[in-house]
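Working notes for the structure below.
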Amino acid sequence: METRKKVFSGLQPTGNIHIGNYLGALKNWVNFQDSYETVYCVVDLHAITVPYDPAEFKKDRIAAAKVLLAMGIDPQRSMFYFQSQVPQHAELSWILGTMTPTGVLNRMTQFKEKADKAGSNLGLYSYPVLMAADILLYNADLVPVGDDQRQHLEMARDLAERFNNRFGEVFHIPEAYIPEVSARIMSLSDPTAKMSKSDPNLKSMVLVLDPPDVINKKIKSAVTDSDPVVRYDRTVKPGISNLLDILSACTGSSTDVLAGEYATGGYGAFKQAVADAVIEEFAPIRLAYDRLDDAEVARIMHKGALDARTAAEGYQVKVREAIGLERI
Ligand code: ATP
Ligand code: LTN
């Protein structure tokens with residue numbers, strides 16, 4: 001029997017989940033469940049690499065799990081759990097850390113950006129090693145992420161090759177799965193910058209749980225330009241191109257077709273179409289979110305962690321054996 005390919009991905013439980021996270025990565029997480037073996041993780045150990053408030057964090061962790069369940073992550077079909085509850089992630093991260101040249105970590109752009117903003121610490125520095133451990137722990141083949149994670153994925157692949165060359169073939173070499181249209185959704189208030197959870201300006205992002213009137217307002221006030229022709233051009237018309245990407249990812253029509261359809265009707269009608277499409281996309285998620293209670297989410301995550309620990313240990317035994325750390 002042919003075994004199905006394995007998908008792994010992670011989401012940090014920090015702040016609110018926005019349309020960039022959703023169209024860049026999470027929508028694919030849900031779709032992959034139909035044809036792959038899927039393992040999804042709320043990566044709480046990654047999230048504590050920047051300053052945070054423990055009481056808020058406690059709520060954000062559960063809220064992130066709840067949003068993913070509301071989106072359609074199905075615990076019957078996917079392994080779904082909190083990273084901190086499966087200690088093999090941290091163990092493998094330590095092992096991979098011993099084979100990671102510091103020169104490689106020094107080049108990581110996300111580290112440099114976050115260290116500039118929030119200050120540096122060892123956890124933030126070795127963040128990409130823990131991410132490589134997440135992926136390699138289950139021998140994942142495919143990793144659905146947004147464009148900003150390319151460099152981290154490349155490092156995970158290098159580490160797998162480095163390990164295999166030194167200790168024998170233990171790891172698959174994973175591949176990033178980055179969508180064509182929506183890999184980099186831009187900020188609504190500055191379409192030359194990535195839409196980011198850590199942006200304090202909430203007008204810059206549509207959240208998955210925003211009510212329809214808020215979505216409408218945010219899209220209507222998205223920064224565009226003064227030439228009222230709807231046309232795809234990321235350099236000259238970054239705001240309009242970003243909205244075309246969003247509309248395309250929500251409707252399944254190509255940006256070319258959509259640009260043709262809305263070319264001359266003015267920005268008002270075009271923005272209304274984008275807002276309507278986003279409202280329609282998010283309505284079922286909000287409904288499902290409101291129906292889930294926290295105790296049910298906690299129960300699902302507990303069961304997920306038990307299953308994941310067993311699965312992870314099955315792989316981790318091979319890693320320990322390969323490097324000479326067998327249990328006595
Ligand atoms: P921050 O932007 O504050 O650094 P983040 O949103 O990148 O946080 P995560 O929650 O870990 O951090 O990201 C979850 C997923 O969303 C990742 O796969 C990431 O690549 C993707 N993603 C994040 N921002 C965007 C964006 N603007 N467009 C497309 N995909 C994105
Ligand atoms: N760094 C990722 C989150 C993440 C991840 C992973 C993504 C942690 N571990 C493993 C894919 C696979 C981010 O999106 N900011």
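Every value quoted in this text rests on a predicted model; they were computed, and no experiment measured them. Just follow the structure's listing: the first ligand is 1, and inside any ligand the first atom is 1.
Polar contact check, Leu11 against ligand 1: no nitrogen or oxygen pair lies under 3.5 Å apart. Inclusion of Asp147 in the set of residues having an N or O under 3.5 Å from an N or O of ligand 1 is not warranted. Taking any N or O of Gln110, backbone or side chain, none lies under 3.5 Å from an N or O belonging to ligand 2. Annotation: Gly24 places no N or O atom under 3.5 Å from an N or O atom of ligand 1; distance criterion only. Looking at ligand 1, you'll find an N or O of Ser198 within less than 3.5 Å of one of its N or O atoms. Taking only nitrogen or oxygen atoms, main chain and side chain alike, Gln149 reaches within less than 3.5 Å of ligand 2. Not a single N or O atom of Val145, backbone or side chain, sits closer than 3.5 Å to an N or O atom of ligand 1.
Here is the list of ligand 1 atoms found below 4.0 Å of a heavy atom in Ser182: 29 (C). Near Val145, with a cut-off below 4.0 Å to any heavy atom, the atoms of ligand 2 are 7 (C), 11 (C). The ligand atoms of ligand 2 that sit less than 4.0 angstrom from a heavy atom of Ser9 are 7 (C), 11 (C), 12 (C). Close contacts of ligand 2 with His46, meaning ligand atoms under 4.0 Å from a residue heavy atom, involve 8 (C), 9 (N). With ligand atoms numbered from 1 in the order given, ligand 1 contributes 15 (C), 18 (O) to contacts under 4.0 Å with heavy atoms of Ala25. For ligand 2, the atoms lying closer than 4.0 Å to a non-hydrogen atom of Gln12 are 15 (N). Shown in contact with Tyr127 at under 4.0 Å from a heavy atom are these atoms of ligand 2, numbered in order with element: 1 (N), 2 (C), 3 (C), 13 (C), 15 (N). With ligand atoms numbered from 1 in the order given, ligand 2 contributes 8 (C), 9 (N) to contacts under 4.0 Å with heavy atoms of Val43. For ligand 1 and Ser196, the ligand atoms under 4.0 Å from any heavy atom of the residue are 1 (P), 2 (O), 3 (O). Per-residue contacts place Lys194 under 4.0 angstrom from the following atoms of ligand 1 (heavy atoms of the residue considered): 2 (O), 7 (O), 23 (C), 24 (N), 27 (N). Taking every heavy atom of Ala183 and a limit of under 4.0 angstrom, the matching atoms of ligand 1 come to 28 (N), 29 (C), 30 (N). Listed by number with element, the atoms of ligand 1 under 4.0 Å from a non-hydrogen atom of Lys114 are 4 (O). Residue Gln149 has at least one heavy-atom neighbour below 4.0 Å for each of these atoms of ligand 1: 20 (O). Taking every heavy atom of Gly10 and a limit of under 4.0 angstrom, the matching atoms of ligand 2 come to 3 (C), 4 (C), 5 (C), 7 (C), 11 (C), 12 (C). Interface atoms of ligand 1 facing Gln12, defined by a heavy-atom separation under 4.0 Å, are 10 (O), 11 (O), 12 (O).
Contact annotation for Asp148 and ligand 2: no heavy atom of the residue comes within less than 4.0 Å of the ligand. At a 4.0 Å heavy-atom cut-off, ligand 1 touches Asn21 through backbone and side chain alike. Contact annotation for Ile135 and ligand 2: only side-chain heavy atoms (C-beta onward) come within less than 4.0 Å of the ligand. Counting heavy atoms under 4.0 Å from ligand 1, residue Met195 touches it through both backbone and side chain. The side chain of His18, and not its backbone, has at least one atom closer than 4.0 Å to an atom of ligand 1 (non-hydrogen atoms only; side chain from C-beta on). By the criterion of a heavy-atom distance under 4.0 Å, the side chain of Val143, and not its backbone, is placed next to ligand 2.
A cation-pi arrangement is absent between Lys5 and Tyr36, since the terminal nitrogen or guanidinium carbon is not both under 6.0 Å from the aromatic centre and inside a 45° cone about the axis.
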Test log, rule side-chain contact (heavy atoms from CB on, under 4.5 Å), inputs Leu244 and Tyr262: CA-CA 10 Å; Leu244 277 167; Tyr262 292 97; 5.8 Å; no

Chi angles and distances behind the side-chain contact (heavy atoms from CB on, under 4.5 Å) call for Phe270, Leu247: CA-CA 10 Å; Phe270 172 59; Leu247 187 57; 3.9 Å; yes

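Within the 3.5 Å criterion, the main-chain N or O of Leu202 finds a donor-acceptor partner in the side chain of Lys218. Between the Tyr289 side chain and the Met71 main chain, no donor and acceptor come within less than 3.5 Å of each other. With Gln151 contributing its side chain and Thr109 its backbone, the two residues share a donor-acceptor pair below 3.5 Å. Panel note: side chain Ser187, backbone Ala193; no donor-acceptor pair is recorded below 3.5 Å.
For atom 10 (C) of ligand 2, the closest non-hydrogen atom on the protein side is Phe8 CE2, 3.5 Å. For atom 10 (O) of ligand 1, the closest heavy atom belonging to the protein is Lys197 NZ, 2.3 Å. Summary of contacts: the protein heavy atom closest to atom 9 (N) of ligand 2 is Asp134 OD2, 2.7 Å. In this structure, the protein non-hydrogen atom closest to atom 31 (C) of ligand 1 is Gly20 O, 3.5 Å. When hydrogens are left out, the protein atom nearest atom 17 (C) of ligand 1 is Gly146 N, 4.1 Å; that is the closest non-hydrogen contact. Protein heavy atom in closest approach to atom 20 (O) of ligand 1: Asp148 OD1, 2.4 Å.
In plain terms, the two heavy atoms of Pro75 and Leu69 that are nearest each other are CD-CD2, 3.9 Å. The shortest non-hydrogen separation linking Ala140 to His172 is O-CB, 4.1 Å.
Trp29 and Val145 are members of different hydrophobic clusters when ILVMFWY side chains are connected at heavy-atom separations under 4.5 Å. Under the 4.5 Å side-chain heavy-atom criterion for ILVMFWY residues, no single connected hydrophobic cluster contains both Tyr315 and Tyr40. The hydrophobic clustering, which links ILVMFWY residues whose side-chain heavy atoms are closer than 4.5 Å, places Tyr138 and Val42 apart.
The shortest side-chain heavy-atom distance between Leu188 and Val223 does not fall under the 4.5 Å cut-off. Within the 4.5 Å cutoff, no side-chain heavy atoms of Gln85 are placed close to those of Asp44. Taking the side chain as every heavy atom from C-beta outward, Tyr81 and Cys41 approach each other to under 4.5 Å. Residues Pro87 and Arg309 are in side-chain contact: their nearest non-hydrogen atoms beyond the backbone lie under 4.5 Å apart. Counting heavy atoms from C-beta outward, Leu96 and Met155 have side chains that stay 4.5 Å or more apart.
Note on residues 105-121: no pairs pass salt bridge (Lys or Arg N to Asp or Glu O under 4.0 Å), not counting sequence neighbours.
Heavy atoms of other residues, nucleotides or ligands lying less than 6.0 angstrom from NZ of Lys220 number more than 12.
Nearest-residue assignment for atom 28 (N) of ligand 1 (options Asn242, Asn16, Ile185; heavy-atom criterion): Ile185.
Put simply, no part of Ser9 is less than 4.0 Å from ligand 1, judged by heavy atoms.
Between atom CE of residue Met195 and atom CD1 of residue Ile185 there is a gap of 7.0 Å, rounded to the nearest 0.5 Å.
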